[in-house]
Protein chains: 2
Amino acid sequence: MSAPATTRRDIPDASVARLPGYLRALTALARNGIPSVSSEELATAAGVSSTMLRKDLSHLGSYGVRGVGYDVERLASEITSALGLTQDWPVAIVGMGNLGRALAAYRGFAERGFRVIALLDGDPRVVGDRVAGDVVRPMHDLPDLVVDHGLAIGVIATPSAGAQEACDDLVEAGVRSVLNFAPAVLSVPDGVVVRTVDLSTELQILAFHGQRVAAPEVVV
Amino acid sequence: MSAPATTRRDIPDASVARLPGYLRALTALARNGIPSVSSEELATAAGVSSTMLRKDLSHLGSYGVRGVGYDVERLASEITSALGLTQDWPVAIVGMGNLGRALAAYRGFAERGFRVIALLDGDPRVVGDRVAGDVVRPMHDLPDLVVDHGLAIGVIATPSAGAQEACDDLVEAGVRSVLNFAPAVLSVPDGVVVRTVDLSTELQILAFHGQRVAAPEVVV
DNA sequence: ACGTTCTTGTGAACCCCTGCACAAAGTCAC
DNA sequence: GTGACTTTGTGCAGGGGTTCACAAGAACGT
């Protein structure tokens, strides 16, 4: 056996994906001044079963009290720590089209521990524009952003054609996490994590489920 | 046993979620005039393993030729049919904030078989505005949209607080599929399918993976 | 015509995840 | 202090999804 390392290494991916939901529910409870919550209540608020919630939380440790429930503040703090949100994460948004500008103006990021420190675009005609109060910067600013501001997460909001190039620029500058909104498969070296969110894909999945219940005769 | 119904009922959810990716890759191949493709090539283009691709396609039927590969046009057509995209799906976007306006201006939907037929908002001060060439309509227009235009999919781009109400309006009007961008858990009756895409959740998952490899010392 | 080569389709093993059932542990009432 | 009650934490079984290994089938060269 090697070093024990940190204690929270082996959380299943499926659990990790649900933790943000629990954190959101806990934050809402805390805002309403509720000090304690049972697994049943919290599970309902997060849209999962209570068994699954308890199993997920058990991966973090034993922070509940049997017969009572969970301390809201404490549990929120533990999940925050497990997700690595004890400090803000600097984020850069690449691509100032419609979606990029909407993301730049979105205020929800700051509330969840993310700080948009730069807006970039590969098109020289867009560089220098003002978007949501910030000046759009050129792609070659990326290395400095990583070194000087600890930039760690890149959001790709470019058209599909420019996504791989934007991704390469991010990776080369040292960014290790990428959130991709372009409908494209990005290839990255080992150690870089990419999550792709594609609006059309989501709609197509809904279409599949929709056709199963919809009446077959739809007039065009 | 009841009626045999359609033949494509039992496709695993995990497979359905990957079909749009295959379709996207096939469309790109067709645009380049490539008539045939092997499972290995297509899998690489879609970012999955060739075994998984073949297993997924086997749920649709046997449309490949051993020793040769798949006919690009034919396979694209079969997937299009399986997903229920042989005709356009009318979509309505609810909530004309930053994100809603960006979605309204996005042209990618039309290319993938979706037609935005209405933009709506619950705020009377926004109703009547022009967004991307369309006039924003009030929520009580929903029932007519369902009856007259076959509206089937609703996209919720409202703030978190108004999401459940917007969802209730959609469901009451007869919409059976909802794509939710608000960071909220929506409760719907049986038969209604909801998919939630939350940007902050995606970033938080990235943060978790990022902290595992990042150097612990990050200067604030 | 036949063997070689290539690629698909699929049975089977494996692994992860979810749900069930229950023991462990704490609180409250008296 | 004791018993009843509540709720967590978890071993175990069941199911679904992914990967492995290989048989089935089609084209091509000789």
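Chain letters run A, B, ... following the sequence lines, proteins first, then strands; residues in each count from 1.
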Within the pair B:S49 and D:dT19, is there a side-chain N or O less than 4.0 Å away from OP1 or OP2?
yes
Within residues 13-42 of chain A, residues whose heavy atoms come under 4.0 Å of DNA chain C
A:D13, A:A14, A:R18
May I have the distance from B:M52 (atom CE) to C:dG9 (atom P), rounded to whole angstrom?
17 Å
CZ of B:R54 versus P of D:dA24: gap in Å, rounded?
16 Å
Integer-rounded Å distance: C:dG9 P and B:E78 CD
12 Å
Rounded off to whole Å, could you give me the CG-to-P distance for the A:D71 and C:dG26 pair?
16 Å
Whole-Å gap separating P (D:dT8) and CZ (A:R74):
15 Å
Using only modelled atom types and a 3.5 angstrom limit, is any donor from either the side chain of B:K55 or the base of C:dG9 paired with an acceptor on the other?
no
Interatomic distance, A:L60 CG vs D:dG9 P [rounded to whole Å]
10 Å
Does a distance-only test, which skips hydrogens and angles, find a donor-acceptor pair under 3.5 Å between the side chain of B:R66 and the base of C:dT7?
no
Please report the distance, rounded to the nearest Å, between CD1 in B:I11 and P in D:dT18.
14 Å
OP1 or OP2 of D:dT7 less than 4.0 angstrom from a side-chain nitrogen or oxygen of A:Y63, does that happen here?
no
Ignoring hydrogens and angles, tell me if any N or O in the side chain of B:R176 forms a donor-acceptor pair with the backbone of B:G174 under 3.5 Å.
no
Check every strand shown and say whether B:T51 touches a base, only sugar-phosphate, or nothing at a heavy-atom separation below 4.0 Å.
base
Rounded to whole Å, please give me the gap between CG in A:D56 and P in C:dC17.
10 Å
Would one find a side-chain N or O of B:Y70 under 4.0 angstrom from OP1 or OP2 of C:dG9?
yes
